Amino acid sequence: MLLQAIAISVFCYLGALSTPWLLGLTGGWYTITRPLVSGMIVGLILGDLKQGILIGVAIQTVYIAMVTPGGQMPADLNFVAFPAIALAMLSNASTEVAVTLATTIGVLGTIVFNLYQVVNSFWNHRAVAAIQEGDYRKFRLNAIAGPQATNFISRFVPSFLVVYFGSGFAKSMLDSMPQYLIDVMSYLGGVLPAIGIAMLLTAVVKENSLFLFFLLGFVCIVFLNLNMIALTIIAAVIAYLYYTGSSKKSVVMSNGVIDEEDDEEEF
Amino acid sequence: MAEKILDKKTLTKSYHKWMMYNLVAMSFEFLEAMGFALSMEPIADKLYSDEPEKKKEMMERHTAFYNTEPQVGALINGISAGLEEQKALGNTGITGELINSLKIGLMGPLAGIGDSMVPGMLIPILLSIGMGLSSNGSILGVLFYIVAYNCIMYFGSRYLFFKGYELGAESVDVFTGEKAQQITKAITVLGMTVIGGVAASYVKLEIPAKFALTGTEIDIQAILDGIFPKLAPLMVIFFSWYLMAKKNVSPVKLIMIYFVVAFAGVGLAYLF
């Protein structure tokens, strides 16, 4: 158990938002910290690959559309992806309960992340001073080594404590939890993905006509029972028609300024 | 742009440094500034190998506050490399202020485009396909996501970086001009349609309320299923969007509100 907890916590560090070693954001945060992928990794470490992937898929649904504009996040996905999934697997929680457990840990994790960013201000000032002195070795030390040491501690330690000491506690807590609370958690697990999707809508939707396309995609799944690949192809065709439609119009308009209002009449 | 100092090796090194280190020392105060400076270091070494004062001046310039979507934002690193090269070659039209104001002018729009294209569209699409393939516990979908996402991002960002370098200041128009805006909008349309499907697949809420009325039992969820299955999840999404976008309710607060509502709702269901 000690080795497994260490392995999970090392992966937790590797997948953190600012860890550079797996091609930075691309291979770390956006790859191994996606619950779909981390579920497989945690499953492999704990010796039950299939269960790991199943829990990973369930938790991924909550965070499928999460954006982190300007480093602000509603939940620390990195702590969701590693310690929380490990905890859910070790305590044999059902996937719905695992989702709520993970979300709670994710929200608490944002405190650690904000603290990390505050400490980095200290390293940043030293790095800028090093450049002013013309000492580039010192610059790299303060821009990479210092913050990454801080990052390692802030990821490894909480993750290790949660996995190593929390698993027994979480199991007995879930065993003694009344059915009432488990029902509440199951409902929440189903509804929480709505928050991620609403966040994305808040970030992306600049004009309300875009909601029509959202509704179209929704209806294609609910009433036409399409799968995701079919929907993506349909969406691409519509996007192409939208593009050709809007570029034809802008040729007609002599001043070349796109009138936002007119776009709604295209469809 | 006939003269060149930078070779492909130096540029590739700068690109790799950016991809690795973009968020390496992120703080509220500087965000991606240290990452940008680290990616400019190979360029500065090459341009000013025997002029330490000029190297220092260039490095200092790139430690100013910086923030964008890093993967799509690789374009700006390419542009900066191109402009720094022209400046080093003695093009007086290009000043340090120009380079800095270009960076600041571009980081906002590219953050918007990048966020709506990468976590807003590409990632949900690839994840949805991966989750579909792995819904029975198979490893296939996970591997699909890892390979597809990393290939698209590594080569896509690399293309943007070198395109930015080639075009220099011209690329500002290419990537933020009218045509680029139309393409971005079309891609947003694609993304919204797919997100609609994602919402329908993954948000779950059933209303367990049943009433006994004059002998016959009325099951609300069964009636809803006959009119518009999944109407309740759709309402929840719109309600969440309304609170976040129009009332500035934070996502964390929203999670707590849902917790209270679920607690009370299940309690009510137990009472009846």
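Since the structure is predicted, the reported quantities are computational estimates derived from the model, not experimental observations.
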From NZ (B:Lys230) to CD1 (A:Ile221), nearest 0.5 Å:
10.0 Å

Using every non-hydrogen atom in the two residues, find where B:Val189 and A:Ala239 come nearest and quote the distance to one decimal.
CG1-CA, 4.3 Å

What is the minimum heavy-atom distance between B:Val194 and A:Ala235, and which atoms define it?
CG2-CB, 4.0 Å

Check whether NZ of the Lys or CZ of the Arg B:Lys55 lies under 6.0 Å from the centre of the six-membered ring of A:Tyr136 and within 45 degrees of that ring's axis.
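Yes, cation above the ring, under 6.0 Å and within 45°.
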
Do you know which of B:Val236, B:Asn22, B:Thr188, B:Ile123 has the most heavy-atom pairs with chain A at a distance under 4.5 angstrom?
B:Ile123

Which bit of A:Leu201 comes within less than 4.5 Å of chain B, counting heavy atoms only: side chain, backbone, both or neither?
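The answer is both parts of A:Leu201.
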
Tell me, for A:Val205 versus chain B, whether the close heavy atoms (under 4.5 Å) come from the side chain, the backbone, both or neither.
side chain

Do A:Glu133 and B:Lys56 meet the salt-bridge criterion of a basic N to acidic O distance under 4.0 Å?
no

Are [X] and [Y] side-chain neighbours, meaning at least one heavy-atom pair lies under 4.5 Å?
X: A:Ile53; Y: B:Ser138; value: no
X: A:Phe139; Y: B:Glu41; value: yes
X: B:Tyr202; Y: A:Ile197; value: no

Test item: [X] side-chain N/O and [Y] main-chain N/O as donor-acceptor pair under 3.5 Å:
X: A:Gln148; Y: B:Val24; value: yes
X: B:Tyr154; Y: A:Gly27; value: no
X: A:Asp183; Y: B:Val266; value: no

Start with the C-alpha distance between B:Leu127 and A:Met228, add both sets of side-chain angles, then the distance that settles side-chain contact (heavy atoms from CB on, under 4.5 Å), and finish with yes or no.
CA-CA 10 Å; B:Leu127 279 176; A:Met228 223 52 216; over 6 Å; no

As an exercise: rank A:Lys206, A:Arg140, A:Gln51 by heavy-atom pairs under 4.5 Å with chain B and give me the winner.
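With the most close heavy-atom pairs to chain B, the winner is A:Arg140.
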
With no hydrogens and no angle check, do the side chains of B:Ser27 and A:Gln117 hold a donor and an acceptor under 3.5 Å apart?
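No, no side-chain donor-acceptor contact under 3.5 Å.
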
Cut-off 3.5 Å, side chains only: do B:Asn150 and A:Thr26 have a donor facing an acceptor?
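No, A:Thr26 and B:Asn150 have no side-chain donor paired with an acceptor closer than 3.5 Å.
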
Would A:Arg34 and B:Tyr145 satisfy side-chain contact (heavy atoms from CB on, under 4.5 Å), going step by step from the backbone distance to the final call?
CA-CA 10 Å; A:Arg34 297 301 105 181; B:Tyr145 177 78; 3.5 Å; yes

Are B:Tyr258 and A:Tyr187 close enough that their ring centres sit under 6.0 Å apart?
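So the answer is no for these two rings.
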
